[in-house]
2 protein chains.
Amino acid sequence: MQFSTRAEYGLKAMVNLAEAYPESRPIQQLAKEERISVKYLERIFGILRRSELVVSHKGKSGGYTLAQKPNLLKVGEIIEALEGTIAPMGCSSSACSQKDSCASSKVWGILEKQVRKTLYGIKLNSLLK
Amino acid sequence: MQFSTRAEYGLKAMVNLAEAYPESRPIQQLAKEERISVKYLERIFGILRRSELVVSHKGKSGGYTLAQKPNLLKVGEIIEALEGTIAPMGCSSSACSQKDSCASSKVWGILEKQVRKTLYGIKLNSLLK
DNA sequence: CTATATCATACCGATTTAGTATGAGTATAG
DNA sequence: CTATACTCATACTAAATCGGTATGATATAG
C-alpha cells in the first residue's frame, strides 16, 4: 500500500501555505523551498484548486492561498483529493457484486474506515513547525 | 492509496484455505472457487510459501495448507508479505534525510502505525463464513 | 507594455500490474 | 512403473500509472 509522491508533495506544499496563511505564495517559491519540480507542482496545484482546497490568484504577484484556515483544513481532504480515493481496494467502497459473500472485502471496509478516521482527524495546523 | 489485487486474491485464497484447515487444497480448486486466474494465483502462492505463511505439497494430490492455525494467522502478515510493505510512503519507515524537518512525514508515521495495528488485529478465523 | 504568474494539454521514459506461456521438477494413484 | 496431477521458476506481454518535461495560452500588477 503506497501513496504516490503526489500526496507527499501536495501535503508538504499545503503545510508551507499554512505557514504563510492568509498570505499567498507562488508555485516557484513553494517548489524551491520544498525541493519539488516546478512543473510537477503546478499540476498538483491544479488538482488542489479544482478540489477547492486552495484559491489561485493569476498574474504578477499572484500565487495560491489556502481556501480555509489551517485549523479547519483536514489532512484527509488533501490526501483524498490528490489520490482520488482513500479506499485501499476498489471493492471496499464501490459496488461489488460479491460484497456480502466476499470475506476479504470485510478487511478493506474496516481498514478504509480506520484510515479515513485517522487522516480526517489530523488538521493542517497541527503540522506546523 | 490502493492495495493491488495480489493482496485481494491472496487474502481470499487464504480464507478459503482456512476453511479447509488442516486439509490442503490445490491451486486449481482455489482459483476456480475464487474466480482467479490459475497461473496468477500460482505466482501469488509462491510469495506466500516463501514467506512461510503456507506449506506446499508437491505431486499428485498435493496442494497448499496454512502454515498455522487460522486463529493464529494475522491478516497483517498476509498483506505485508504480498504487498512488500505496509508503509503508505517510502519515507515513513525507511531512513529519510529530512525526516525531522519534514512535516508531512509525521502524517505517514501516524498512518502506518494505525494501519499496521488494524491489520495485525484481524485474525484469519474471524473472516470465516 | 511587460514581466510574472496561473493553467491546459500533450508528451516521455520507467516502473508496476495483472495476466499468459513455456516448461521443468516431483510425488502419488492406480 | 507410468501416467497424471500437482508445484514452481522464468520470461514475456499489454495496459496503466508515475514522476517529470515541453509548449504555449491566458491573466494581471505595476
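First the proteins, then the strands, lettered A, B, ... as listed; each starts at 1.
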Asker: Nearest to the A:R43 side chain among C:dT9, D:dC12, D:dT7, which nucleotide is it?
Answerer: C:dT9

Asker: Specify the separation, in whole Å, of atom CZ of A:F45 and atom P of D:dG19.
Answerer: 17 Å

Asker: Toward the 5' end of DNA chain C, which comes first, A:G46 or A:G62, by nearest nucleotide?
Answerer: A:G62

Asker: At what distance, to the nearest 0.5 angstrom, does NZ of B:K106 lie from CG of A:L11?
Answerer: 11.5 Å

Asker: Looking at every strand, decide which applies to B:Y9 at a 4.0 Å heavy-atom threshold: base, sugar-phosphate, or nothing.
Answerer: sugar-phosphate

Asker: Where the side chain of B:R50 is concerned, which of C:dT28, C:dT6, D:dA9 is the nearest nucleotide?
Answerer: D:dA9

Asker: From the list C:dG19, C:dC7, D:dG19, which nucleotide is the closest neighbour of the side chain of A:K58?
Answerer: C:dC7

Asker: From CD1 of A:I44 over to C1' of D:dC18, roughly how many Å is that when rounded to an integer?
Answerer: 11 Å

Asker: Can you tell me how the ring of B:Y40 sits relative to the ring of B:Y9, calling it parallel under 30°, perpendicular over 60° and tilted otherwise?
Answerer: perpendicular

Asker: Between B:V38 and B:E83, which is nearer to the 5' end of DNA chain C once each is assigned its nearest nucleotide?
Answerer: B:E83

Asker: Using whole Å, report how far CG of B:L41 lies from P of C:dT17.
Answerer: 17 Å

Asker: Please pick, from C:dA29, D:dC8, D:dT21, the nucleotide with the shortest atom-to-atom distance to any side-chain atom of B:K60.
Answerer: C:dA29

Asker: Which whole-number value in Å describes the distance from B:R6 CZ to C:dG19 P?
Answerer: 11 Å

Asker: Does A:S56 make a side-chain N or O approach to OP1 or OP2 of C:dT6 shorter than 4.0 Å?
Answerer: no

Asker: If the plane angle is over 60° it's perpendicular, under 30° parallel, otherwise tilted; pick one for B:W108 and A:F3.
Answerer: tilted

Asker: Return the value, rounded to whole Å, for the distance between atom CD1 of A:I27 and atom C1' of C:dC7.
Answerer: 10 Å

Asker: Taking B:E33 first and then B:K12, would you say they form a salt bridge - that is, a charged N and a carboxylate O separated by under 4.0 Å?
Answerer: no

Asker: B:Q2 has an atom CD; how far is it from atom P of C:dT16, in whole Å?
Answerer: 17 Å

Asker: Taking only the side-chain nitrogens and oxygens of B:T5, find out if one of them lies under 4.0 Å from OP1 or OP2 of C:dA18.
Answerer: yes

Asker: Closest approach to the side chain of A:K39, judged atom by atom: which nucleotide of C:dT20, D:dG24, C:dA5 is it?
Answerer: D:dG24

Asker: CD of B:E42 versus P of D:dA11: gap in Å, rounded?
Answerer: 17 Å

Asker: From the set C:dT20, D:dT7, C:dC7, return the single nucleotide nearest to any side-chain atom of A:Y64.
Answerer: C:dC7

Asker: Look at the side-chain N and O atoms of B:S37 and state whether any lies under 4.0 Å from the OP1 or OP2 oxygen of C:dT20.
Answerer: yes

Asker: Could you check A:Y40 against A:G59 and say which one's nearest nucleotide on DNA chain D is further toward the 5' end?
Answerer: A:Y40

Asker: Nearest of D:dA11, D:dC8, D:dC18 to any side-chain atom of A:S4?
Answerer: D:dC18

Asker: Between B:K32 (NZ) and D:dA5 (C1'), how many Å, whole number?
Answerer: 15 Å

Asker: Grab the two heavy atoms, one from B:L66 and one from B:L124, that are nearest each other, plus how far apart they are.
Answerer: CD1-CD2, 3.9 Å

Asker: State whether B:E42 and B:K39 are salt-bridged, where the test is any N-O pair (Lys NZ or Arg NE/NH1/NH2 against Asp/Glu carboxylate O) under 4.0 Å.
Answerer: yes

Asker: Below 4.0 angstrom from OP1 or OP2 of D:dC8, is there any side-chain N or O of B:R49?
Answerer: yes

Asker: Please compare A:F3 and B:G63 by the position of their nearest nucleotide in DNA chain D and report the one closer to 5'.
Answerer: B:G63

